[in-house]
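Quick caveat: nothing in here was measured; it's all calculated off a predicted structure. Per chain, numbering begins at 1; letters A, B, ... match sequence-line order.
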Amino acid sequence: MDFSLTKEQLLIQKMARDYAEQAIQPALSTIEKENQVPASILTGLAELDLFGLAMPEEYGGADAGYESYVLAMEQIARVSCGPAMILSAHSLGLGAINNFGSREQKDRYMPGACRGEGIASFAFTEPGTGSDPRQLTTTAVKDGNSYIINGTKRFISNASYPGPLVFFAMDSESGKPTAYIMDKQCPGYSVSEPWEKLGWHGGDLVDVYFKDVRIPAENVLGQAGDGYPILQYGIAYGKIGMNSVALGTTLAAYEEAVKYARQKTHRGDPIAKFQAIQLRVANIAMLYESSRWIAYRLGWLANKPKSFKDFAHEAALAKVVVAENAVQAARIAMDIHGSYGLMVDYNISRIYRDAIMGPQVEGVIDMQKIIVAGDILKG
Amino acid sequence: MAGILIYSDKTRLALELAEAARQLGLAEDRAYKAVSINHDEQSLELAARGLEVFSIQRSELAAADTAAMASALCQTAEQLDVDTILLSSDRRGKELAGRLAEAWGAGCLTGVKEWVFLEGRTACARSALGGATEAIQIINSPRRVIAISPRAFIPVEGVEKGSVQPMEVKIEASTIKLVETRSLAGDTVDIQAAARLIVVGQGVENQEELTRGQKLAVLLKAEVACSKPVASDKKWLPEDRIVGLSGKLCKPDLAVILGVSGQVQFTVGIREARVIVSINKDENAFMNKMADYVLVGDLLEVLPELEKYLSQ
Amino acid sequence: MNIVVAMKQIPDLQQIRIRNRQPLLDDVPLTFGNIDKNALEAGMQIKEANQGKVTVVCAGPRELADTVKEALAAGADEARLLIVEEEMDSAQSARLIAAALRQMEQVDLIIMGEGSGDNYSSQVGSRVAQILGIPQVGFASCIEVKGSVVRITRSLEDCEEIIEAQLPVLITVMSDINTARIPSVSQILRAGKKPVVSIEAQELGIDIGELSIETISNLAPEMQRRQIVTTSAAELVRALESEGFGGRG
């Protein structure tokens, strides 16, 4: 067992940190106010190969492994969750094509998306559907050499950007959930205004409307009627990116707490001298350390999962720990700041909003615990 | 005992070197002399302060040609029986120091701020580890080239009359061509050379406070410098005005610090000021502990009052 | 054209902590100084404009083999490492680097930072130029190569000099000459596959001489200030006047 990072991993981490500090930090207030990541930042992230970081070289990726993906995403989210959220949803959609797509589908969609020329999305959730595929209402009706798609998807990331969309619908022939690929912004495709969210500004969530969208029959991802493994992949792999965002938020809370404890004085002494503050700083440090190793390990496991089902268990467990730790760390860091922490001028106010997102997205916490318990107690 | 030779192309720095040489000569019982190159005025000024000056007058020898300058100084040192050469640690002097040291076979230190006389040995104090520490170092080779930081010593106050005599050296054929010299635009300020600084920190929250700070600078005949975020994030001032680890290390006579909390990355850049004044609305700002005078108050109230009293 | 960028491995200055005035250097990761990255970027830009090759040369302890990947990721084509475990002063480093440069086939341009990030002694470049007997221009804020002539803007405190010289030339650069690029993931992963020649310093067969600099102490300075609290602007102005800082100066 060797828990040290390789020089390459350290450099990837540093690259992401440098870029986040040099290019994203100055745009942070714009991202927060306008709920939009400037195009120049997306171009910059693409030039650093972050859009294809964990994808195979054969299809234009950098093949650096998911653990490097976690390291890079953590450093980006440490500065701003928006760009990290875009990368997370993109990597999820692209990863689905990489894992389940035909050679033709990969050739067609992956190289451009790895270069950031298209931003991928992954769409399962619907207004009336949580995570139960049997409740899907979006339909795909075979019509000669195409499918005609109708329905609505909810809370979809990156749906306003051009690029491939991996989505789920009920296949009219088999009557079973099936995954398909669609080029976003095709005729019949439209999106709502972005939802106004509590945190993670810049990574917008919209509803997507399909009105008689026609896609070629060869755009079925995997086999028609066999969407379930792809959904299982999505539920599990989406948590790698979301965990990285929560981890970056934890790191940011940690750094803000330490900085404030050293800077803020009470009767001439920095508040770091008081045990009440020291205990809180120690708590955040412990939360961060436990989160980071569980998040890095999840990335490492994702490179070669025994099965998607097995990985789903690991991902559920990791998600609960990392998302909850972020919330706790942000809360403790907020307490160290006292009333100043409520002011928008102080970073911790944003970090607190960002942290609270984690437990609710990519599968709520209780659902994850049920998955974990189910695996332990079965039979 | 072999003597000390000083050289700077700038008269003000040469006078500071003379003072450094005087102190070193006193401690080590050595004579000191100066060389000046294509600079009559400097020769006379140094001689007027009691120095024995050797003047090289060769128009083909350009200060821009570091190799030729090192050779000329090397030959001068050989002729004058010296084993220590003091240069100024400005950019010109630093570039020359290494080349001269290598040509002359000397050990060399640059950025020296102070002599530290230990039992029979002379050490040099200089910043190390990017300004985080101060190293006390000794050159153990028989010959020494030491570049002295600007403003580390006061200009020498000579009393007796010195002398100027010509010095002949062989000039090497130049390998570079000086095409043009451009003086820097009028608004370029060298905060390291400024005797007084007003330093603007993040506690200066708006343009009005900044303007007030600039006004104070005019009244105090000071230059305006800043902490890193003011230039890098807010872009209120150019980056060459940043004080601190990632900016410049300054040693003014007076530094008036406006609204700086006082992190170490900043304070390394100003801790050697003779007098530090911290004006801050937070009475507990760490900067106040590093100040000689502290005034607690809102900048928009304090600065106009200071203006009033200073212009009376 | 063959461009050599000499870089120095130093502790990451942002991560040095001070305890009881002592700098704590254990466990501080090694890296290249920021200004060395600007030197490399300058070399890269010249290479891109004129074709050629950028070779990084560094002298220092064995950890260099890992640290140099930073430079290779940032675009250097190859590296020559001169392995020395002992601490060296500027004169010794210069002799070693000069010896390594002499071994190389043809070197047109040598670029360094104007001072190392940690020690800032600014000597190595000048010493190397003297040993090799080539012209030098320090504190460059702009470098343009036209054929065998290089045109350099030397940025001094009070003026700029435009200088032309025939290659080979040694140039030291200011940190504001450029913004060093951030390497991409693929560049980082490819760095380890680029050619690296590692030479034990004693194999160069030169005498780098004795250490000429002795460090007596290296401590964070103590700060003792008077901390006199003035209660009004008037009182502060009086205090300043008593120190000799009147308003009318």
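Ranked by non-hydrogen atom pairs under 4.5 Å with chain C, the options B/Leu178, B/Thr181, B/Val277, B/Leu295 are led by B/Leu295. With respect to chain C, the highest number of heavy-atom pairs below 4.5 Å among B/Ala97, B/Ala67, B/Ala101 belongs to B/Ala101. Counting heavy-atom pairs closer than 4.5 Å to chain B, the top residue among C/Ser116, C/Gly33, C/Ser155 is C/Ser155. The choice from B/Arg126, B/Glu305, B/Glu301 that makes the most heavy-atom pairs within less than 4.5 Å of chain C is B/Arg126. Ranked by non-hydrogen atom pairs under 4.5 Å with chain C, the options B/Ala135, B/Gly107, B/Cys108 are led by B/Cys108. Of the listed residues (C/Gly209, C/Pro23, C/Ser121, C/Pro11), the greatest number of heavy-atom pairs within a distance under 4.5 Å of chain B belongs to C/Ser121. The choice from B/Arg99, B/Lys94, B/Gln137 that makes the most heavy-atom pairs within less than 4.5 Å of chain C is B/Arg99. Counting heavy-atom pairs closer than 4.5 Å to chain B, the top-ranked of the candidates C/Ser217, C/Gly244, C/Ala91 is C/Ser217. Interface summary for chain B: among C/Leu240, C/Asp89, C/Ile16, C/Val229, the most heavy-atom pairs under 4.5 angstrom belong to C/Val229.
Annotation: the span from B/Asp298 atom CG to B/Leu303 atom CG amounts to 9.0 Å, rounded to 0.5 Å. Atom CG of C/Asp207 and atom CD of C/Gln92 lie 9.0 Å apart (nearest 0.5 Å). In this structure, OG1 on B/Thr84 lies 8.0 Å from CD1 on B/Ile139, to the nearest 0.5 angstrom. In this structure, CZ in C/Arg226 is found 4.0 Å from CG in B/Asp292, a value given to the nearest 0.5 Å. Atom CD1 of residue C/Ile10 and atom CG of residue C/Leu25 lie 11.0 Å apart, to the nearest 0.5 angstrom. Here B/Leu220 contributes atom CG and B/Glu307 contributes atom CD; the two are 10.5 Å apart, rounded to the nearest 0.5 Å.
Contact annotation for B/Asn288: only backbone heavy atoms (N, CA, C, O) come within less than 4.5 Å of a heavy atom of chain C. For B/Ala106, the part sitting under 4.5 Å from any heavy atom of chain C is the backbone (N, CA, C, O) and nothing else. With a 4.5 angstrom heavy-atom cutoff, B/Ala291 touches chain C only via backbone atoms. Heavy-atom distances place both the backbone and the side chain of C/Leu156 under 4.5 Å from chain B. For a residue to count as touching a neighbouring chain, one of its non-hydrogen atoms must lie under 4.5 Å from one of that chain's; by this rule B/Leu109 touches chain C with backbone and side chain alike. Residue C/Arg238 does not touch chain B at all, counting heavy-atom pairs closer than 4.5 Å. B/Glu239 does not touch chain C: none of its heavy atoms, backbone or side chain, sits under 4.5 Å away. Neither the backbone nor the side chain of C/Ser90 comes within less than 4.5 Å of any heavy atom in chain B. No part of C/Thr172 comes within reach of chain B, as not one of its non-hydrogen atoms sits under 4.5 angstrom from that chain. Heavy-atom distances place the backbone of C/Ser232, and not its side chain, under 4.5 Å from chain B. Interface remark: B/Ser71 contributes no atoms to any contact with chain C (heavy atom separation under 4.5 Å). Residue C/Ile213 touches chain B through both its backbone and its side chain, counting heavy-atom pairs closer than 4.5 Å. For B/Lys10, the part lying near chain C is the side chain, with the backbone staying farther off; criterion is any non-hydrogen pair under 4.5 Å. Both the backbone and the side chain of B/Ala64 have a heavy atom closer than 4.5 Å to some heavy atom of chain C.
By the 4.5 Å heavy-atom criterion applied to side chains, B/Asp90 and B/Gln192 are not counted as neighbours. Using a 4.5 Å heavy-atom cutoff, the side chains of B/Leu219 and B/Ser311 are in contact. The shortest distance between side-chain heavy atoms of C/Ile152 and B/Ile176 does not fall below 4.5 Å. Contact annotation: the side chain of B/Leu254 never approaches that of C/Glu243 to less than 4.5 Å [non-hydrogen atoms, C-beta and beyond]. Looking at heavy atoms from C-beta onward, C/Val4 lies out of side-chain contact with C/Ile97 at the 4.5 angstrom threshold.
Side chain of C/Asp12 to backbone of C/Thr31: no donor-acceptor contact under 3.5 angstrom is found. With C/Arg225 contributing its side chain and B/Lys289 its backbone, the two residues share no donor-acceptor pair below 3.5 Å. The closest donor-acceptor contact from the side chain of C/Asn20 to the backbone of C/Gln22 lies at 3.5 Å or more, if one exists at all. No donor-acceptor distance shorter than 3.5 angstrom exists from the side chain of B/Glu283 to the backbone of B/Val296, with no hydrogens or angles considered.
Between C/Asn178 and C/Asn38, the side chains place a donor N or O and an acceptor N or O closer than 3.5 Å (distance only, hydrogens not considered). Under 3.5 Å, the side chains of C/Asn218 and B/Thr133 contain a donor-acceptor pair of N or O atoms. With 3.5 Å as the limit, one finds no donor-acceptor pair spanning the side chains of B/Thr110 and C/Gln123. When only modelled atom types and interatomic distance are considered, C/Arg154 and B/Thr66 share a side-chain donor-acceptor pair under 3.5 Å.
Heavy-atom proximity under 4.5 angstrom to chain B picks out C/Ser126, C/Arg127, C/Ala129, C/Gln130, C/Ile131, C/Gly133, C/Ile134 from residues 126-134 of chain C. Proximity to chain B among residues 158-165 of chain C is limited to C/Asp158, C/Cys159, C/Glu160, C/Glu161, C/Ile162, C/Ile163, C/Glu164, C/Ala165, judged by heavy-atom separations below 4.5 angstrom. Scanning residues 140-147 of chain B against chain C with a 4.5 Å heavy-atom cutoff picks out B/Asn140, B/Ser141, ordered by number. The contact list for residues 112-122 of chain B toward chain C, using heavy atoms and a distance under 4.5 Å, reads B/Leu118, B/Arg121 by residue number.
In terms of heavy atoms, C/Ala201 sits closest to C/Val84 at CB-CG2, 3.7 Å.
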#### Entry: Step-by-step side-chain contact (heavy atoms from CB on, under 4.5 Å) determination, C/Met7 to C/Leu40
CA-CA 8 Å; C/Met7 300 176 80; C/Leu40 177 59; 4.3 Å; yes
### Criterion side-chain contact (heavy atoms from CB on, under 4.5 Å) on B/Glu95 and C/Glu114, from CA distance to verdict
CA-CA 9 Å; B/Glu95 184 175 339; C/Glu114 47 106 344; over 6 Å; no
### Message
The test is side-chain contact (heavy atoms from CB on, under 4.5 Å); show your working for B/Asp240 and C/Asp176 and say whether it passes.
### Response
CA-CA 9 Å; B/Asp240 59 8; C/Asp176 59 6; over 6 Å; no
### Criterion side-chain contact (heavy atoms from CB on, under 4.5 Å) on C/Asp108 and C/Val145, from CA distance to verdict
CA-CA 11 Å; C/Asp108 300 299; C/Val145 178; over 6 Å; no
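Residue-environment remark: CZ (B/Arg274) exceeds the threshold of 12 foreign heavy atoms within 6.0 Å. Residue-environment remark: CD (C/Glu87) stays at or below the threshold of 12 foreign heavy atoms within 6.0 Å. Environment of CD in C/Gln103: crowded, with over 12 heavy atoms of neighbouring residues, nucleotides or ligands closer than 6.0 Å.
Salt-bridge formation is not detected for the pair C/Glu157/B/Arg92: no Lys NZ or Arg NE/NH1/NH2 atom is positioned less than 4.0 Å from an Asp or Glu carboxylate oxygen.
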